[in-house]
Amino acid sequence: MSSIRSLVPKIPSMATWNKAFRIKGALKVPRCTLADSLTAENGFKKLKDYTKWSQAEMDQMTVVEINPGLGAWTSALYNGGFNKIYSLEPTVPYLKQLEVLAEQSQGAIIPLKKDGYDWQTYVELKDPEYLGPYINPDWSQVNPNILFTGTLPKSSKGEQLLAQFATCIVNKMALHSMGRIQMALWIPDQLYQKFTGPPGTNARCKMSVVTEACADIEVIYSAEPGAVYPYAPYHLVHIVPIPKMKIKAEWDVFEYVLKHIFVMQKQPLSKMVRTLGPGADIILKRLDFDPSIAVDGNKEGISEELLLKWRTLGNSLLLTILTIYTLP
Amino acid sequence: MSLPLVRQATAGSRNLLSLRHSKLCLGHVHRRQPTILYSDARSHLPLTRMISTSPLTSSTATASSQHQSSDLSSDGKHIILPNPSRPGFNQTAGVLPSGISEQFAILNACIQSGTMVRAERVMNELYRNRSEEMKVFMDVQVVNAFLNGFVQGAKPLPNDCMAWFDRLVSYGITPDANTYAVVVKGFLKLGSYHTARMLLQDMRKNTNIQMLDVVKSSFLAPEEVATFHQLISQSQSSTQQEVQELLHELEVAANNVLDKDAMNTVTSASLASSDTTPHAIPSHPPIYENVPEAKPMDAIGVRFLQEQLSALQNSSDALKMDPFDLQMALEQQGYEVALQKLVHMREASKERGDTLNALHLSPLKKIMWDWHEKMIPLLREEIVNCADVVGRNTERRAYGPFLSLLPVEKLSIITILELLRLHNSSGIADGMKTARAVIDVGKAVEMEYNATYLKRTNKMGEIQNMASYGKQISLAVRKASIQQQEAAAATATSLDSIDQPTSSTTLSTTQPSGQMTDPWNPVWPNSIRAKVGSVLTSLLIDSAKIPVPSYNPDTGEKITEHIPAFFHTYQYVRGKRVGIIKFSDQLTMLVSKEPLRDTLHPRLMPMIVHPRPWLRYNDGGYLSAKSMCMRIKDSPEQLMYLYKASENSKIDNVLKGLDVLGSTKWRVNKQVFDVVLEAWNSGEAIADIPPSITEPMVLPEKPADYDTDPKAKFNWVNKVKEIQNLEKNYHSLRCDVNYKVETARAFLNLPMYFPHNMDFRGRAYPIPPTLNHLGNDLCRGLLCFDEAKPLGERGWRWLRIHMANLYGYDKHSFSERENFTMENMDNILDSVDNPMTGRKWWLEAESPWQCLSACYEVAAAYRSGNPLEFESRLPIHQDGTCNGLQHYAALGGDLAGARAVNLSPGDRPADVYTGVADMVNSLVEKEAKEGNADAQMLMGKISRKVVKQTVMTNVYGVTFIGARAQIENRLKERDDIPPERVYALSSYLAKKVFSSLGEMFNGARNIQDWLTDSARRIARSVPKETLQENGILPFDSPEQEQRFLTRVEKEKAKSKRLKKSNKTFSARNPSANQMSSVIWTTPLGLPIVQPYRRTGKKQVTTLLQTVFIEDPDASKPVNAMKQSTAFPPNFIHSLDATHMLMSAVACYEKGLTFASVHDSYWTHANCVDDMNMVIRDQFIALHSQPIMENLYEEFKERYRNYRIPNSSEVDKSGQPVSKATPSSPIATTTTTPVSPISAENEALFGLVDTPLEEGDDDDEDELGSTLLDQEIKASSSRKYKYTWDELTFAPLPKKGDFDINEVKESDYFFH
DNA sequence: CCATTAAATAATGATATAAGTAATAGATAATGG
DNA sequence: CCATTATCTACCGACAATATCATTATTTAATCA
């Protein structure tokens, strides 16, 4: 296919980076960027091990990368064998750096001045020029032509963005209006904990429930804090939307319910259900499990079976709620 | 000296007292003059006494009081108290530390509910855990109340009482006469005369307490005093001389006291009648014969109010009730009435047995009754549970005692009504914030408790008689009342330490001067209110259900479900949780169908009799409810200054002004009311009545990409939210109108009064919230004076001018305005004849409802054939033209400014707003021609209204952002500007306005700058002592140092809990040490404290959730920025308030009816000329004083010995590079005196960092010095010197040549 | 019985929560290297 | 200590985040001499 690729972006020292790339204005905190090529290469290797992508599969994939930053991950993707990488970078200094890489990659890397945080971007990506040809409404299988990847900022924006990705998966919106698209994201540790928070833990939260209901998550690789500017622990996470959402309820209702019962995640479900509406506790009667389980699904004194039932939230509770609420 | 303020002397019979006070009043108003009228006894401040009552702390106390004696000078010109950072403040101010105020409230609740076991436990815990603080804050009053708890009931426990007495004495409490009275009472009640006698003997031997003081203690009822005679007869046998002496004293005292009642009434009568009051006041009813307060009882309005009461058992009398009693009953029995109405409803329908009629009954009331019945058993159970708790449940221990203070029925009804009242409050659709709900319920319980407690202990008949009698408002009456009250205190308890519950900051024990002792009744802290409120709310939520028709989901058959009427839930507001209590939809529907009148508590309504004159800062207004003359929130400092000023008779003239405002009798304008009602019932949007929304608004269509593009969805959701918001606003607006209409209906044909109080700057506000003359156009249109006065020629003219003003034609000369009205007579008559069907000319007016009201008046006068004799009730307004600038111009003697705001005469009104608008318009026009799109859009649209607020606030320091926001709001109101451009346009316009203003108000701005600068300096300043104690400045003397060290020693000895109060003085965070707020005294003597400090909120656990509440006691650093930016407006407002109050009093004394809305003064048409004279005279009187100079002097005195941090550049030798003080903008004009202190500083620290007392180890020192070296090298040319300079103020801006007396000739000064 | 220590409980402080930044701009307080 | 960063945006009438966890502080129980 192609000769061995060994693209290496220019990684400035932390001090230089601080001067040249610390972005002011739009984002309040400087956006994190992967700043270690080795980490990037290692991460990609692991990712490839996990997904078992063949070169043929990779050849037909178009990669969309958000927040490439210095381009370490971009290079790793390119070096790993992808031939078409859209790098969505809104800030000029990074963009310049990427253009260098673009040149060196003989056009495989295509920097675009777009912002992965901006919803408009996903509308634009549907353009025939970019992902238009690969839009695929078939959710029975993973979209073979698109890989979405990138680095999430450590700010509240990153958190919001991740939550929205989950929402969009459930509702097949934005990126996921183009099909069942897999993602490989570099996620800051703190956010990762919330993203995947298992039941009964402190990290269990709204987002982890939604995530659980819509995608399979696998952590691929964990970067040393030093590999990211400014220093922060990051994980590379592989996210594959599941073909059939576990959430049966209408999204807005589901979200409302989840938000309210998670006000007090350590309290029994039966108590929090009352905050949903006057007399909402009547739905408890129709529940097929003991509602004294804590909202966050704390395991203590709870049978495995019960836990399972509660975790398949979309199937039981919310369906029930919906039926009650939509009665004449 | 001119005498506008001296009340017309009626006869030579005025006593010394009233003479003295008239003089006092003059002295204060006209001239800064040392106060000479206070006897020295007055300066014995009760709270200082409180400190010294504790021998164990005496060393501290004396030390601090000596130390403070220099700055605690309340008998000088101004009230000056220690800085809140000083240890003396909390003690002097009686501010209780966190936790203790709660415990005191609980203690009192235990005592009052008769559960002494719990009271003992509280007391025990207090002494065990907070023993050091107890030494300072435990007051003998508290002790007396506590001890009395043992012996007041039917089963006295004198031995327990005695044991506690001994114990408390051993803790350092010094018993007073009341203490002995209480303890002795216990034994007397049991017949243990011997013990009682021994006690008294002991007292006689060991204390200086007089027997008479014991016997006349308010803790002893007359019949209890009588038992002393039994003691005497029992002990006659003793031959000891000592005993015989005691018995003799006792007998004399007892007889004395038992005779006292008669004495008292005589004195009161003589006191009162010796004033100018034309009639003597009989000591006993009936005294109302010659007081025609209310119209005859067949009036429509009063019937409604009487219906309120008709449910009560003795209601047959209601119709015959005297208005005074009616008012009293309304205030005190509001909840009983509400409850009885529910009962009646039920009884009535049961009796009639006809279900048909039952259907017509209010369904809401039926449900409320149901809740009530369900809630009561739960409440009882809860009370039992609270009593059961011996050990751990701290929550129950905190709220339990309070549940026993009122009957459960009352608790229940209070909760129900409060929750219904709060529907849609704080911007929550169909619900309320939990925090608000629980605190308000708690507050309502507290108020009700106070009201009934008062009723129980109330023997204030004479006082009230006299007070309510007083259409005669005068200092003399006030004085006489106070004196009488104090005299009466020996036999009757009075209301004093019950502060108004709305303020959560409290004086722990306010002991007024003199012999008077108040029952101890601490204000409940908000945390307690929240806890109490939350139990009740939670119980109501559990018990309140509402029937809902429903289907059985399984069988599909129709059933009636009972779902909760309320539920507790949460909302997220920008990521934060907010607890709310929501109404179920069914309840919302029910409530919206029901008229709101039954949830209106009479305590919030206008009064039907004259308000009680303000006797003290916390004594006046409504008859029974305790209210404050100043609205204070969470600021102990404000309260303390007010208290001191009140006790030192410094605010009598202010209070008098409030009395005058409260004495204005109003009535509802029936004609306008009818039109309002018609408009209201039509459901359409008319004037400022919003339309009623019958069907839900149409939602916009979802966009095509709603399902795929989050942005599209987001936008749509936002649109929907906007619409819902609009709907909500309409709804709450309509509710508001509904309340107003209902209140007006209640008072149809009935005179009403608005008791007034002030904000902290002295501006006056009516206390009743819904309907008052400060309200919107609708309120003002609905109200007119009760008294009618013939127009006369001038009045007829003013009426016509007023008519034109209200229409909006107010920028022309008076004669043009007169003509305007005459030319529009046709329209006016049409408006009157066909208000809703005719041409509706009045609706186009700037103030439609007031215009309509004026139309009626003009039309009636016009048609009467002889307008000059027409009896007019319409208030005619005279508005200051840019009142703030007027005061600025007067302060600065600014000629140009004076001309611009009509201080100097002109032949037509000058109007700065129009002037600026014109300037901006021409600017815009020019740029429009140049092709500026913004300018083109705005061409010709810049009205006076658009720029008015910005121009006005410009001299108050509004910023560009603020100005833009103001203009934005104005532009949004217009419909000829596309909403999406409003923002950009307002930005453009704000710039233009600012540039137009340019140099326009330089005179004012100079003063503003001086004020801002001074305030900033003050806010940053620190008392010298603080610096000394932190080792930053040297002590003045070894003695001072020694005193400090002993205090530290003592503090160290205290429990660790207190160590946080030992704040270390850190240079790192300068704002943490800024504790001085800006304080000044208005020319009327009102001390004003700017309350802006950091908020210190804490989470408080309640049954429903935790609530976030301001912790009142923590002394928090000031918000220096707010202090300085707020000072100019506050200062000017305090002046306009002063002017208003002065004018009010002067008008009153000329017999003019007077009302005001800050800078708009109202009176009868034919009195306008007189009032105008008064306004001008008072303005001159006010500004003839050297106000700025006085302020300057006051600041210098008040902040003597304060220091501010300063850094100035010095050259290598340490000599100052420039003499300026860079820390202040104006400082360049200042020649900062080279104070000796600065020299000391320099010597002490040289150029090095402040050597803090914290032991810097050598390491750091080395590091520090090397760093320093580097620093010097690095910036070799620059060295700074940091010093704590004496707080000085910039010299006052130079005063111009304007002669204030020109105001007299200016027709358009107020117009 | 006391003193001392361990365990239990209360008080205090810190942190996360939701989820499009709205738009703009100039002074000043707060913070971090 | 200086430079960057966050926080304000005239004032008043009219107020309001909360659950949970970790860490101390204080109280109670327990043990022992």
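In the text below, chain A, chain B and the rest are named by the order of the sequence lines, each starting its count at 1.
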* To do: Can you sort out the partners of Tyr888(B) under ring pair (Phe, Tyr, Trp, His ring centres under 6.0 Å), two or more places apart, ordered by chain and number?
  => none

* To do: Figure out the NZ/P separation between Lys206(A) and dA18(C), and round it to whole Å.
  => 5 Å

* Using the P atom in both, what is the distance from dC8(D) to dA22(C), to the nearest Å? -> 15 Å

* Residues in ring pair (Phe, Tyr, Trp, His ring centres under 6.0 Å) with Phe1001(B), at least two apart? -> none

* To do: Return no unless some side-chain N or O of Lys1097(B) is found under 4.0 Å from OP1 or OP2 of dC15(D).
  => no

* Asked: Once you round it to whole Å, what is the distance between C1' of dA19(D) and NZ of Lys1098(B)?
  -> 19 Å

* **Nucleotide pairing, DNA chain C (Watson-Crick or G-U, distances under 3.5 Å), in dot-bracket with [ ] and |** => ..|||||||||||||||........||||||||

* **Residue list, ring pair (Phe, Tyr, Trp, His ring centres under 6.0 Å) with Tyr127(B), at least two apart or on another chain** => Tyr171(B)

* **Atom-pair distance (CZ on Arg761(B); P on dC12(D)), nearest Å** => 6 Å

* Structure fact -> Sorted by chain and residue number, the ring pair (Phe, Tyr, Trp, His ring centres under 6.0 Å) partners of Tyr256(A) (sequence neighbours excluded) come out as His260(A)

* Asked: side-chain hydrogen bond (donor to acceptor under 3.5 Å, both in side chains) with Asn1119(B): which residues, sequence neighbours excluded?
  -> none

* **Stretch residues 956-965 of chain B: residues that reach within less than 4.0 Å of DNA chain C through a heavy atom** => Ile961(B), Arg964(B)

* Asked: Is any side-chain N or O of Gln267(A) closer than 4.0 Å to OP1 or OP2 of dT20(D)?
  -> yes

* **Nucleotide dC11(D), atom C1' - distance to OH of Tyr1092(B) in whole Å** => 6 Å

* So His773(B) and His756(B), would you call those rings parallel, tilted or perpendicular, with 30° and 60° as cut-offs? -> tilted

* Are the ring of Phe714(B) and the base ring of dG20(C) both nearer than 5.5 Å at their centres and tilted by less than 30°? -> no

* **Integer angstrom distance from the C1' of dC32(D) to that of dC2(C)** => 10 Å

* To do: Take atom C1' in dG13(C) and the same atom in dA29(C), then report the distance between them in whole Å.
  => 24 Å

* To do: Scan for side-chain hydrogen bond (donor to acceptor under 3.5 Å, both in side chains) pairs involving residues 955-966 of chain B, sequence neighbours excluded, and state none if there are none.
  => Thr950(B)-Gln966(B), Thr953(B)-Gln966(B), Arg964(B)-Tyr983(B)

* Contacts of Gln949(B) that satisfy side-chain hydrogen bond (donor to acceptor under 3.5 Å, both in side chains) - sequence neighbours left out -> Arg970(B)

* To do: Begin from the C-alpha positions of Asp1136(B) and Arg763(B) and carry the test salt bridge (Lys or Arg N to Asp or Glu O under 4.0 Å) through to its verdict.
  => CA-CA 8 Å; Asp1136(B) 74 39; Arg763(B) 280 191 161 192; 2.8 Å; yes

